[in-house]
Amino acid sequence: MDHNATTPCDPRVVDAMIPYFTNKFGNAASRNHKFGWEGEEAVDYAREQVAKLINADPKEIIFTSGATEADNLAIKGVFEMYKEKGNHIITAKTEHKAVLDACKHVEKLGAEVTYLSVKEDGLIDLAELEAAMKPTTILVSIMYANNEIGVIQPIKEISAIAKKHGALFFTDAVQAVGKTKVDVIADGIDLLAFTAHKMYGPKGVGALYVRRKNPRVKVTAQMDGGGHERGMRSGTLNVPGIVGFGKACEICIHEMESDAARIGKMRDHLEKELLTLEESYLNGNKEHRLPHVANISFKYVEGEGLLMGVKDIALSSGSACTSASLEPSYVLKALGLDDELAHSSLRFGLGRFTTDEEVDFTINQVKEAVTKLRDMSPLWEMFKEGIDLKTIDWQEH
Ligand SMILES: *Cc1c(COP(=O)(O)O)cnc(C)c1O
């Protein structure tokens with residue numbers, strides 16, 4: 001139930017990768033022998049598969065070590081490349097840490113960054129974006145779909161606003177690519193980050209799409225060296241990883257739609273059942289949302305107890321990157337949830353190999369845990385007695 005953190009490799013992906021660890025181990029940049037040519041050919045083929053999934057040209061794909069690197073390359077690389085033009089970047093408070101921290105980094109180098117708030121449903125306010133645009137705005141960075149609540153931002157409208165003001169549009173599309181239709185041409189995207197391990201490919205490989213025409217976009221390399229990937233990302237290519245990434249993309253091209261329909265049905269069932277619990281609330285916009293994600297708050301339940309109560313299920317209360325800390329999710333807080341409600345939330349992320357039995361097991365365990373915790377909770381008892389908890393003066397006199 002934690003597929004937004006990572007996914008298992010599809011066995012078909014592993015099969016495609018295996019020869020590239022052993023027999024076909026060549027360095028894709030070796031120009032003088034068969035081993036190198038074999039590696040290069042495999043990378044070229046994977047580049048086509050990866051590009052096709054997002055309707056890009058293969059030349060527009062820059063392979064990286066994952067989306068964290070792609071996010072960094074996009075933000076730092078655009079800032080460095082276009083700093084003569086302006087220093088203003090617009091992003092949102094609910095972005096992934098890789099985007100937010102890259103923005104923090106360029107702020108130290110002289111960038112001015114606007115962090116847009118989101119509406120109660122997790123979507124940005126387009127009027128607020130429009131109002132934030134300045135003549136110095138060089139980049140708008142808004143994620144395609146959120147990793148904690150699954151909401152899909154109005155990408156076409158956002159890219160149109162950026163374009164109108166002469167700014168580039170970058171989107172962290174990690175959670176959307178391979179799960180829902182992403183089309184860099186139709187969506188008007190200039191740069192896009194994605195990663196294999198969130199779409200049934202291997203960990204440690206991802207890509208940055210960099211548009212080559214209308215407009216021709218360039219980013220300053222953040223990794224210097226042999227000049228691989230058209231000079232934008234040096235380093236020997238992870239050939240087996242890239243082959244796996246390509247295969248994962250190809251599978252998504254063919255199966256994304258049927259996967260979404262099947263997984264969506266399971267998610268809807270899970271959500272409907274859990275929302276039969278009193279005082280449980282769905283977080284984020286219900287319509288503009290990924291089909292496999294549900295984020296639900298259970299009021300009057302103590303958050304840590306809840307995770308302990310469902311410890312037979314791989315679940316998280318927020319993103320994997322922040323779950324080590326006891327801080328409530330900054331994404332849920334940006335939606336306006338208080339600390340307590342944010343703490344009592346669970347993020348469900350179903351996947352390609354999730355079964356109906358697993359969904360039913362999850363429903364039962366969560367229902368049981370919530371009911372048990374509430375039975376022990378004085379706050380719940382007071383709520384049931386009709387006492388308005390907000391009117392209570394908790395201080396001793
Ligand atoms: C997982 C994730 C990332 C980081 O990707 P890695 O390949 O693990 O570095 C970035 N953005 C979003 C939205 C994510 O969900």
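No hydrogens, no waters, no symmetry mates; every other heavy atom, side chains included, goes into these values.
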Applying a strict under-4.5 Å side-chain criterion to I, L, V, M, F, W and Y, I'd like to know whether [X] and [Y] cluster together.
| X | Y | result |
| --- | --- | --- |
| Val331 | Tyr115 | yes |
| Val359 | Val293 | no |
| Leu123 | Leu126 | yes |
| Val370 | Leu332 | no |
| Ile124 | Leu100 | yes |

Using atom types as modelled and distance alone, determine if a side-chain donor or acceptor of [X] lies under 3.5 Å from a backbone N or O of [Y].
| X | Y | value |
| --- | --- | --- |
| Thr7 | His197 | yes |
| Arg233 | Ala207 | no |
| Arg347 | Asn295 | no |
| Gln175 | Asn147 | no |
| His3 | Gly349 | yes |
| Asn87 | Lys83 | no |
| Thr114 | Ile90 | no |
| Thr355 | Glu358 | yes |
| His33 | Gly36 | yes |
| Ser280 | Leu274 | yes |

Just wondering, are more than 12 heavy atoms of other shown residues or ligands nearer than 6.0 Å to [atom1] in [X]?
| X | atom1 | answer |
| --- | --- | --- |
| Lys181 | NZ | no |
| Phe383 | CZ | yes |
| Glu257 | CD | no |
| Glu80 | CD | yes |
| Glu381 | CD | no |
| Lys119 | NZ | yes |
| Glu130 | CD | yes |
| Lys85 | NZ | yes |

If the condition is side-chain hydrogen bond (donor to acceptor under 3.5 Å, both in side chains), which residues does Glu120 pass it with, not counting sequence neighbours? none

How close do [X] and [Y] get, counting heavy atoms only, and between which atoms?
| X | Y | value |
| --- | --- | --- |
| Ala42 | Val239 | CB-CG1, 4.5 Å |
| Ile242 | Ala46 | O-CB, 3.3 Å |
| Leu53 | Met199 | CD2-CE, 3.5 Å |
| Asn72 | Ala102 | OD1-CB, 3.8 Å |
| Ala70 | Ala193 | CB-CB, 3.7 Å |

Say you draw a straight line from NE2 of His254 to CG of Asp259; how long is it, rounded to the nearest 0.5 Å?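 One gets 13.0 Å once the value is rounded to the nearest 0.5 Å.
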
Name every donor-acceptor pair, under 3.5 Å, that has one atom in a side chain of residues 182-189 and the other anywhere in the protein, sequence neighbours excluded.
from	atom 1	to	atom 2	distance (Å)
Asp183	OD1	Asn55	ND2	3.0
Asp183	OD1	Ile185	N	2.9
Asp183	OD1	Ala186	N	2.9
Asp183	OD2	Asn55	ND2	3.2
Asp187	OD2	Tyr144	OH	2.7
Asp187	OD2	Asp183	N	3.2

In sequence, state the C-alpha distance, the side-chain angles, and the governing distance for Glu279 and Lys384, and then conclude on salt bridge (Lys or Arg N to Asp or Glu O under 4.0 Å). CA-CA 11 Å; Glu279 295 295 306; Lys384 292 305 273 182; over 6 Å; no

Lys/Arg-Asp/Glu bridge criterion (N-O < 4.0 Å) met for [X], [Y]:
| X | Y | answer |
| --- | --- | --- |
| Arg211 | Asp190 | yes |
| Glu250 | Lys247 | yes |
| Lys52 | Glu48 | no |
| Arg352 | Asp10 | yes |
| Lys299 | Glu278 | no |

Can you find a side-chain donor-acceptor pair between Glu69 and Gln222 that sits under 3.5 Å?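 There is no such pair (donor and acceptor under 3.5 Å, judged by atom type) between the side chains of Glu69 and Gln222.
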
Are Thr236 and His228 close enough that a side-chain donor and a side-chain acceptor fall under 3.5 Å? no

Aromatic ring pairing Phe353/Tyr200, orientation class (parallel under 30°, perpendicular over 60°, tilted between):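 Taking Tyr200 first and then Phe353, their aromatic rings stand perpendicular (interplane angle over 60°).
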
Between Val118 and Lys93, is there a side-chain heavy-atom distance shorter than 4.5 Å? no

Side chains of Ile142 and Glu95 in contact at under 4.5 Å (non-hydrogen atoms):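 Of all side-chain heavy-atom pairs linking Glu95 with Ile142, at least one is under 4.5 Å.
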
